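All residue numbers refer to positions in the sequence shown, counting from 1. As the structure is a computational prediction, the values presented were derived from the model and not from experiment.
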Amino acid sequence: MRLSLHIDCPEARVHGGDAIQTAVASSTYPLPGAEVRYWVGRGWRVLEQGYDLPDVYVCSIEVAATGDVTIPIRCPRHDLYGFYVLAGRVRLTGAGAPTAVLDTAAGHYRLSYLPAAAYTCHFGAGKHHIFYFVPKDTLLFREPSPELGAGIAPVEALRARLGTPKVSASLSMAGMAGDAIRRFLRHPGATYLRRYLAIQVLAMTLLLEACEALRVQEGAGKVGALLAQRMRTYIDERVADGGDVDTASVARRFAVSYVYAKMIFRKHIGQPIGGYIRGCKLEQARRMLEAGDSPTQAARYVCWTPAYFSRAFRAKYGYPPGQHGNAISS
């Protein structure tokens, strides 16, 4: 069996048949017909159950750790991986490097390109369950496929055979992906032919689902950035025209929730929407004071009470609005 990831710790490998059978029997998902490897290290145990087919490799990995542990692994060749965390958390770093190549918690997954190299897996105390699949080149590149075209960075990295890892954003397992994996783990098929069919269907389902999720995520990011820019323009125009504006009115204007308006504005503009509105109003009032308007006129124009405007102006500029002319001349 060509294992896509090897635990690089030969002294921890258990070869005893009875011990392996016991480990499989106590597994959450004992998989019939799978090729099994069992490892026992200081403070950790790992059970691997894998199926190696011509077009795809799938593996269920159950890790039990008594504390924070690090397990050295090796990727013997460049591969595209779908990493799904059913329980616990996994963090993958380059060997001897502190920066995470991949960090994923339960209920999430990533589509990842890993070049041939040594890596380190980090686990906290408790039980962890990772399912991963590797679609082989015969499946991915047998002929051009628009589902695997430009925009899916890990696939493009594999096509280009890059020397550095390329990992997608975290994706949720809720829905089709999580259901398909758990359904397979519960009923992988009692015979080779049934397993072969189940694995092929599972791998293609997961690959297409991941690619589609990444396309949707990328599109949502572009839409979110455009929406945030439109929100900012709307705020600028409303303040300049003397219209009242706040977060709630912006959310209503663009038919989104109050919470989403705050989130999308902060993410793409880089500051809270309430703070941006406040800054716009103070800047508009400052320009009016410089043009000769009174503090009361400026306050009313930006839809604030004179008392609130005075406090806000003093907090930003360090002096009351009535002294703005003196501050400029000095």
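Here Y109 and Y132 keep their ring centres 6.0 angstrom or further from each other. Checked against the 6.0 Å centroid threshold, Y81 and F133 do not count as a close aromatic pair. Not less than 6.0 angstrom separates the ring centroid of Y38 from the ring centroid of H15.
Hydrophobic clustering, with ILVMFWY side chains joined whenever heavy atoms are under 4.5 angstrom apart, groups L185 together with L53. The hydrophobic clustering, which links ILVMFWY residues whose side-chain heavy atoms are closer than 4.5 Å, places I152 and L162 together. Following chains of ILVMFWY side-chain contacts shorter than 4.5 Å, one can reach Y192 starting from L31, so the two form part of one hydrophobic cluster. Using a 4.5 Å cut-off between side-chain heavy atoms of Ile, Leu, Val, Met, Phe, Trp and Tyr, with links allowed through other members, M204 and Y57 fall into different hydrophobic clusters. Note: the hydrophobic cluster containing L202 also contains Y84 (ILVMFWY, side chain heavy atoms under 4.5 Å, direct or indirect links).
Smallest separation of non-hydrogen atoms from D79 and S4: OD2-OG, 3.7 Å. Taking each heavy atom of V245 and I277 in turn, the nearest pair found is O-CG2, 3.7 Å. Scanning all heavy atoms of the two residues, the minimum distance from P115 to G163 falls at CG-O, 3.6 Å.
Aromatic ring pairs are classed by plane angle as parallel below 30°, tilted from 30° to 60° and perpendicular above 60°; the pair W304 and Y308 is perpendicular. Ring geometry for Y319 versus F313: interplanar angle over 60°, hence perpendicular rather than tilted (30 to 60°).
Separating the CD1 atom in I73 from the CG atom in L5 is a distance of 4.5 Å, to the nearest 0.5 Å. Separating the NE2 atom in H268 from the CZ atom in R232 is a distance of 12.0 Å, to the nearest 0.5 Å. Note that the CD atom of E212 and the CE atom of M176 stand 10.0 Å from one another [nearest 0.5 Å]. We find the CG-NZ distance between D52 and K136 to be 3.5 Å, quoted to the nearest 0.5 Å. Note that CG of L80 and CD of E156 are 11.0 Å apart. Values are rounded to the nearest 0.5 Å. Atoms CG and SG, from L148 and C211 in turn, are 5.0 Å apart once rounded to the nearest 0.5 Å.
A salt bridge links R142 with D55: the distance from a Lys NZ or Arg NE/NH1/NH2 to an Asp or Glu carboxylate oxygen falls below 4.0 Å. Between D68 and R89 there is no salt bridge, since no side-chain nitrogen of the basic residue lies less than 4.0 Å from a carboxylate oxygen of the acidic one. The residues E290 and R287 are annotated as not salt-bridged, no charged nitrogen and carboxylate oxygen being separated by less than 4.0 angstrom. Of the charged side-chain nitrogens involved, at least one lies within less than 4.0 Å of a carboxylate oxygen, so that K281 and D244 count as a salt-bridged pair.
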task = I would like to know whether D137 and L158 meet side-chain contact (heavy atoms from CB on, under 4.5 Å); could you show each step before the answer?
result = CA-CA 9 Å; D137 288 0; L158 176 63; 3.9 Å; yes
ask   = Would Y51 and R195 count as a side-chain contact (heavy atoms from CB on, under 4.5 Å) if you check the C-alpha gap in whole Å, the side-chain angles of each, and the deciding distance to 0.1 Å?
value = CA-CA 9 Å; Y51 296 109; R195 285 195 298 273; 3.5 Å; yes
inquiry  = Before you tell me yes or no, could you show the steps for D246 and R238 under salt bridge (charged side-chain N to carboxylate O under 4.0 Å, His left out), namely the whole-Å CA-CA distance, both residues' side-chain angles and the distance that decides it to 0.1 Å?
reply    = CA-CA 10 Å; D246 58 16; R238 286 290 291 172; over 6 Å; no
inquiry  = Run D293 and R300 through salt bridge (charged side-chain N to carboxylate O under 4.0 Å, His left out) and show every step you take.
reply    = CA-CA 11 Å; D293 290 306; R300 289 174 177 168; over 6 Å; no
query = Y29 and H129: ring pair (Phe, Tyr, Trp, His ring centres under 6.0 Å), yes or no, with the steps?
reply = CA-CA 10 Å; Y29 299 102; H129 189 184; 5.6 Å; yes
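Looking only at distances, a side-chain donor or acceptor of Q297 sits under 3.5 Å from a matching main-chain atom of S294.
Other residues, nucleotides and ligands contribute only 12 or fewer heavy atoms inside 6.0 Å of the CZ atom of R42. Enclosure of atom CZ in R13 by more than 12 non-hydrogen atoms of other residues, nucleotides or ligands within 6.0 angstrom is indicated. Crowding of R45 atom CZ: a count of heavy atoms from other residues, nucleotides or ligands under 6.0 Å not exceeding 12.
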